[in-house]
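The structure follows.
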Amino acid sequence: MKKFIVALVAATVLAGPIATAAQAQDWRNDRSRQVERHVDKRVDKRVHVEKKVVIHKQRWSKGHRATAAERRRMADVRDYRRYRLSAPPRGYKWVKVDNDYLMIGIATGVISSIIAAR
């Protein structure tokens with residue numbers, strides 16, 4: 001009976017870090033980040049109201065397939081040399097989203113390269 005209880009306690013002690021590690025890997029599914037900005041809004045000369053604006057920005061990852069809605073927001077970059085980007089291979093194109101340059105497949109929409117704007 002003592003051996004069974006000791007084995008049970010040892011299993012629970014060892015299972016804790018494994019569960020924590022599994023939970024820590026879950027951050028890959030969260031692809032959005034929040035940027036908070038405080039905007040001053042003056043209603044009257046005497047009244048000062050501060051408004052909180054939350055902006056949701058996409059966190060891009062290599063291998064992600066961009067949806068049709070995401071592709072509508074993307075601006076094509078035709079003069080890639082101006083931005084010091086390499087020539088895209090056949091079947092790919094450079095696009096600019098927010099402040100990032102993404103190389104995506106034309107037919108599939110899969111992101112193959114990400115460069116943050118300088």
Item to check | side chain to side chain contact (heavy atoms under 4.5 Å, CB included) assessment of Trp60 paired with Val97 | outcome: CA-CA 10 Å; Trp60 303 107; Val97 185; 3.6 Å; yes
Checklist entry - What residues form a salt bridge (charged side-chain N to carboxylate O under 4.0 Å, His left out) with Lys93, not counting sequence neighbours? => result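 By the salt bridge (charged side-chain N to carboxylate O under 4.0 Å, His left out) rule, Lys93 matches Asp76.
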Next on the checklist: Can you give me the closest heavy-atom contact between Arg71 and Thr108, atom names plus distance?
Outcome noted: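 Minimum heavy-atom separation between Arg71 and Thr108: NH2-O, 3.6 Å.
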Item to check | Qualifying residues under salt bridge (charged side-chain N to carboxylate O under 4.0 Å, His left out), relative to Arg90, sequence neighbours excluded | outcome: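 In terms of salt bridge (charged side-chain N to carboxylate O under 4.0 Å, His left out), with neighbours along the sequence ignored, Arg90 is linked to no residue.
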Item to check | Heavy-atom side-chain proximity of His64 to Glu70 below 4.5 angstrom | outcome: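 Side chain of His64 against side chain of Glu70, heavy atoms only: contact under 4.5 Å found.
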Checklist entry - Is the backbone N or O of Ile104 less than 3.5 Å from a side-chain atom of Ser112, with the two atoms forming a donor-acceptor pair by type? => result no
Next on the checklist: So, using side chain to side chain contact (heavy atoms under 4.5 Å, CB included) as the criterion, who are the partners of Ala69 when residues are at least two apart?
Outcome noted: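 Partners of Ala69 under the side chain to side chain contact (heavy atoms under 4.5 Å, CB included) test: Thr67, Arg72.
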Checklist entry - Going hydrophobic residue to hydrophobic residue with side-chain gaps under 4.5 angstrom, can you get from Tyr83 over to Tyr80? => result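 Linked, Tyr83 and Tyr80 end up in one cluster.
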Next on the checklist: Before you tell me yes or no, could you show the steps for Arg73 and Asp98 under side chain to side chain contact (heavy atoms under 4.5 Å, CB included), namely the whole-Å CA-CA distance, both residues' side-chain angles and the distance that decides it to 0.1 Å?
Outcome noted: CA-CA 9 Å; Arg73 290 186 355 180; Asp98 295 330; 4.1 Å; yes
Item to check | Trp94 side chain vs Ser86 backbone, donor-acceptor pair below 3.5 Å | outcome: yes
Checklist entry - When rounded to the nearest 0.5 angstrom, what is the spacing between CG in Asp100 and CD1 in Ile115? => result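 One finds 10.0 Å between CG of Asp100 and CD1 of Ile115.
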Next on the checklist: For Val77 and Tyr101: C-alpha separation, side-chain torsions, deciding distance, then whether side chain to side chain contact (heavy atoms under 4.5 Å, CB included) applies.
Outcome noted: CA-CA 9 Å; Val77 177; Tyr101 293 98; 4.0 Å; yes
Checklist entry - Just wondering, do Met103 and Ile111 contact through their side chains at under 4.5 Å, heavy atoms? => result no
